[in-house]
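Working notes, beginning with the structure itself.
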Amino acid sequence: MLDMKFVRDNPDMVAKAMQDKGEEGELQEFLNLDEKRREKIFQVEQLKNRRNSVSEEIARSKKAGKDAGDMIQAMRRVSADIKALDEEIRRIAEDMESALLNFPNIPLEEVPIGHSEEENLPVRHVGEPPNFTLSPKAHWDLGRDLGILDFEAAGKVTGSRFVFLMGAGARLERALINFMLDLHTEKHNYREIFPPFMVHRHSMVGTGQLPKFEEDAFRVQHTDYYLIPTAEVPVTNLHREEILDGDKLPLYYAAYSACFRAEAGAHGRDTRGLIRQHQFNKVELVKFCRPEESNEELETLVRDAEEVLKLLGLPYRVVLMCTGDLGFAAAKKYDLEVWLPSYNMYREISSCSNFWDFQARRAGIRYRPGPGEKARFVHTLNGSGVAIGRTVAAILENFQEADGSVRIPPVLKPYMGGQERLLPE
RNA sequence: GGAGAGAUGGCUGAGUUGGACGAAGGCGCUCGCCUGGAAAGCGAGUAGACGGGGAAAACCCUCGUCUCGAGGGUUCGAAUCCCUCUCUCUCCGCCA
């Protein structure tokens, strides 16, 4: 959420951000309401001031044994007026709040302006796409032939966009989770978190999924709970409504979670395979830091996520997202894209974002810079470190052999009980 | 699911026959004194949001309003009375 005063003082910047991001918001209405609200506040405060001083006088009169009937009578009317005005202000503030919650974050200066992924800026490539003598199989075919992915069974039991991982496939999934968590906690100094997989509505609003993207979320019937679309939501909200100790910053957290996404509006896209599932696993990295540190923290966050792909030996590239691909809440975002032979292109496997104070303001996450100083909003960042399902797909496709087997990256060997290859089961 | 207790400022903890103020005390923290320096000790200070005015790149000053889990009610006036909700804790039951 943007600061109300910031919007008031910089409506042009807000309008530009909306345009560049391809978002819409009721900016003019907001500004009108803002003016109206201040007018009403001024009125009601004058009345309240009068009521307060007269009430004191009533108390004094009563103590002195005098009659205060007239004053009490007059204050009845004043109180009624106050009540009406307060109600009006409350309604205006509510409308302003809902407008404000729908204003997107302002992109940082260095973010390229653009409307489609064409205008994203590749930053660097690491590794080379493999050369296959035969045409490579897609991971869903490999998974079926190896007997480790069963989409049909999932369709029968649940529905489309779900999968059963079987045997070595299930173990590979678990191995990747453990490998990534170990890497980030032991080498990159993140604190491991195992969060709730459901959160209440306020948390979803805190990180920016709601109220704007209700249709993307799974809501649990008869409750206020939502299945988390990413561990970002519970972990960022871990410190909601808190004032953190400035000395403790930055805070680094790494969390495994299952992620649930309705994928509304993605009908017909990536219908096959592991790329777009309603449920997938992910190890997420979350940072809380001082505002002046967040630029640098984003760079190290990207490096931390990249190391996963480097150690696995997967070819990938880093791309700086243009304004149109930034998303609603981010001020700056890098995607890591892994090479997928079946698509013959790079596909997103991690998103690393700096949210500036956008989430912190929504969720009320502040820190005290020093003793006796005023609390300020932290900056929050997060990134996938990385998405597990897409990693499995990338491993299957990139490391497939002509005989239909798949090499398991050496770093995973200890996590696979020494197994080095996936063979048909 | 049943019975009970509680939710106050950065933390802890008073305040419930409604009218002395955001609210005693303690801790923490800041500044000053003390000291060669530190600790202890002594003194002063220490919530936030919003609105008006002033000063103004930021920090700031001043007046006012609101905030004692959230929302509503009673009242001229509520942290203090009533209602609803949420959360926490204890005991019992059930259960992975």
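In what follows, every chain begins at residue 1, and chains take the letters A, B, ... in the order their sequences are listed. The structure presented is a predicted model; accordingly, all values stated were derived computationally and were not measured.
Which of B:G64, B:U74, B:C66 sits closest to the side chain of A:Lys83 comes down to B:U74. Taking every side-chain heavy atom of A:Lys48 into account, B:C66 is the closest of B:C66, B:G19, B:G52. With B:C50, B:C66, B:G52 as the candidates, the nucleotide lying closest to the side chain of A:Arg37 is B:C50. Nearest to the side-chain atoms of A:Ser79 among the listed nucleotides B:G64, B:G19, B:G77 stands B:G77. Distances were taken from every side-chain heavy atom of A:Arg38 (C-beta onward) to each of B:G10, B:G19, B:G52; the shortest belongs to B:G52. The nucleotide whose nearest atom lies closest to any side-chain atom of A:Asn52 is, among B:G73, B:G10, B:U65, B:U65. Taking the side chain of A:Arg90 as heavy atoms from C-beta on, and the options B:C50, B:G52, B:G72, the nearest nucleotide is B:G72.
Rounded to the nearest Å, the gap between the C1' atom of B:G6 and that of B:G69 is 11 Å. Taking atom P on both nucleotides, B:G2 is separated from B:U16 by 32 Å, rounded to a whole Å. Spacing between B:A14 and B:C68 at atom C1', rounded to whole Å, works out to 12 Å. Taking atom P in both B:U67 and B:G9, the straight-line distance is 15 Å, to the nearest Å. On the P atoms, B:C83 is 15 Å away from B:U74, given to the nearest whole Å. A gap of 15 Å separates the P atoms of B:A24 and B:A44, to the nearest Å.
In this structure B:A57 sits in no base pair that meets the Watson-Crick or G-U test at under 3.5 Å. The partner of B:C31, taking Watson-Crick or G-U wobble pairs whose two distances both stay under 3.5 Å, is B:G43. Pair assignment for B:G64 gives B:C50, based on Watson-Crick or G-U wobble hydrogen-bonding distances that are each under 3.5 Å. Nucleotide B:G36 forms no Watson-Crick or G-U wobble pair with any nucleotide shown, as no partner meets the under 3.5 Å limit on both distances. The partner of B:U17, taking Watson-Crick or G-U wobble pairs whose two distances both stay under 3.5 Å, does not exist in any strand shown. Across all strands shown, B:U88 is found opposite B:A5 as a Watson-Crick or G-U wobble partner, with both distances under 3.5 Å. The base-pairing partner of B:U75, taking Watson-Crick or G-U wobble contacts with both distances under 3.5 Å, does not exist among the strands shown. In this entry B:U80 has no Watson-Crick or G-U wobble partner, no candidate having both defining distances under 3.5 Å.
Within 4.0 Å of A:Lys5, counting heavy atoms only, lie sugar-phosphate atoms of the nucleic acid but no base atom. Nucleic acid contact for A:Ile41: sugar-phosphate only, since backbone atoms but no base atoms lie under 4.0 Å from a heavy atom of the residue. Contact annotation for A:Arg201: no contact, since no heavy-atom pair falls under 4.0 Å across all strands. Across all strands, A:Asp245 comes closer than 4.0 Å to no nucleic acid atom at all (heavy-atom distances).
For the pair A:Lys16 and A:Asp20, the salt-bridge criterion is met [side-chain N within less than 4.0 Å of a carboxylate O].
Of the inter-residue distances, the one linking A:Lys332 atom NZ with A:Ser353 atom OG reads 11.5 Å to the nearest 0.5 angstrom.
A distance of 6.0 Å or more separates the ring centres of A:Phe218 and A:Tyr226.
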TODO: Before giving the answer on side chain to side chain contact (heavy atoms under 4.5 Å, CB included), spell out for A:His379 and A:Arg290 the whole-Å C-alpha distance, their side-chain angles and the decisive distance to 0.1 Å.
DONE: CA-CA 6 Å; A:His379 280 191; A:Arg290 295 166 178 263; over 6 Å; no
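For A:His139 (side chain) and A:Leu274 (main-chain N/O), a donor-acceptor pair under 3.5 Å exists by modelled atom type. Proximity of a side-chain donor or acceptor of A:His200 to a complementary backbone N or O of A:Asp224 within less than 3.5 Å is not detected.
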